[in-house]
Amino acid sequence: MSSTTQTPLRIESKWYGYDNARMEIDLAIPVLSEWLSPENLRLAVGYAADQFIKAMADAKSRHTFGCEFCGKPARENYLNIASYLHLPPKGTEWNGHPSSGPFILILVHTVCKMSGECGNEAKKLSSELAQDTGTPETHIPEKNPVDETIYPLFGSCANCKTDDTAKKTLSVCVKCKTAQYCGKDCQRADWPRHKESCKWVIGSRWFNENGGELVYKDNPDRILMPKA
């Protein structure tokens, strides 16, 4: 990808857990400018989804989650991806309101096990959300495996991913304020993977079940959802 033709593609991700707890992580991923033209938006969405997958290990390490549907420790996730790339530039009047500018919204449902009843609930909710937003479901099957594999716990080290690290206070990357590690050795070992996604994080926040907000990384340019 040529560095002279890149444009930041904004992604707002919302991670939902038990009892209304959630995490929000804002990303800005560089894409070819021509991908944001009307005829190439599908290509831009597919690329953004692939890049988002690369950053999921960082986000997953940031906080423990109870399954959105039963409260048990969450290990898996299921995605909704909605494109708002059709919006006009930020600040332009759109439907009587200032536009937030083009962006992609990714909703992440945290689940204890996709092959069980909670997985069925996640798929049902995901389908309902797709219908409500008028956006077709854009699940990527290979990114949402449903099998008997035991996946890492949310809140575990971004590198070694062992369950015991989810019970400890981890060290957070000082730049992205998202990826967490059980020690310096794991952080160094993960750097070849993390060095790219580290640059993408422009903001992150945690909201507890009572609505209290904890800002991990302040983003003064947070996206406001467009009005209908």
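These values consider heavy atoms only, across backbone and side chains, with no hydrogens, waters or symmetry-generated copies. Everything numeric in this text was worked out from a predicted model, so none of it was measured.
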Aromatic centroids of Trp200 and Phe52 separated by under 6.0 Å: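 No.
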is_close_aromatic(Trp15, Phe65), centroid dist under 6.0 Å: no
Do [X] and [Y] belong to the same hydrophobic cluster, where Ile, Leu, Val, Met, Phe, Trp and Tyr are linked whenever their side-chain heavy atoms lie under 4.5 Å apart, directly or via other members?
X      : Y      : answer
Leu214 : Val201 : yes
Ile53  : Met23  : yes
Val172 : Ile25  : no
Met114 : Tyr18  : no
Ile202 : Trp206 : no

Would you mind checking if [Y] and [X] are paired as a salt bridge, meaning a charged N to carboxylate O distance below 4.0 Å?
X      : Y      : result
Arg75  : Asp163 : yes
Asp58  : Lys177 : no
Arg22  : Glu24  : yes
Arg205 : Asp218 : no
Glu12  : Lys14  : yes

Do any N or O atoms from the side chain of [X] and from the backbone of [Y] form a donor-acceptor pair under 3.5 angstrom?
X      : Y      : answer
Asn80  : Ser126 : yes
Asn210 : Gly212 : no
Ser61  : Gln180 : yes
Arg62  : Tyr216 : no
Lys161 : Ala158 : yes
Thr178 : Ala59  : no
Asn208 : Gly211 : yes
Asp190 : His194 : no
Lys167 : Ser156 : no
Ser127 : Lys124 : no

Closest heavy-atom pair and its distance - [X], [Y]:
X      : Y      : result
Lys217 : Cys176 : CD-O, 3.6 Å
Leu9   : Ile104 : CD2-CD1, 3.9 Å
Cys157 : Leu170 : N-CD1, 3.8 Å
Cys70  : Cys112 : SG-SG, 3.7 Å
Gly203 : Asn219 : CA-CB, 3.7 Å
Ser37  : Glu34  : OG-O, 2.7 Å

Any side-chain heavy-atom pair from [X] and [Y] closer than 4.5 angstrom?
X      : Y      : value
Cys160 : Thr165 : yes
Trp94  : His86  : yes
Tyr47  : Asp50  : no
Val31  : Leu36  : yes

Phe207 atom CZ, neighbour heavy-atom count above 12 within 6.0 Å: yes
Which value, rounded to the nearest 0.5 Å, describes the distance between [X] atom [atom1] and [Y] atom [atom2]?
X      : Y      : atom1 : atom2 : result
Ser13  : Leu107 : OG    : CG    : 9.5 Å
Asp164 : Thr162 : CG    : OG1   : 4.0 Å
Ser100 : Arg222 : OG    : CZ    : 13.5 Å
Lys54  : Ile29  : NZ    : CD1   : 9.0 Å
Glu76  : Ser115 : CD    : OG    : 6.5 Å
Arg42  : Ser83  : CZ    : OG    : 9.5 Å

Parallel, tilted or perpendicular: ring planes of Phe69 versus His109, cut at 30 and 60 degrees: tilted
Donor + acceptor pair across side chains of Asn77, Thr110 (<3.5 Å):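 No.
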Side-chain donor-acceptor contact under 3.5 Å, Lys184 with Gln187: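 On atom types as modelled, these side chains do not qualify, holding no pair under 3.5 Å.
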Working for side-chain contact (heavy atoms from CB on, under 4.5 Å), residues Ile11 and Phe103: CA-CA 6 Å; Ile11 296 177; Phe103 72 100; over 6 Å; no
Step-by-step side-chain contact (heavy atoms from CB on, under 4.5 Å) determination, Lys175 to Lys199: CA-CA 8 Å; Lys175 184 176 181 180; Lys199 296 180 290 186; 3.8 Å; yes
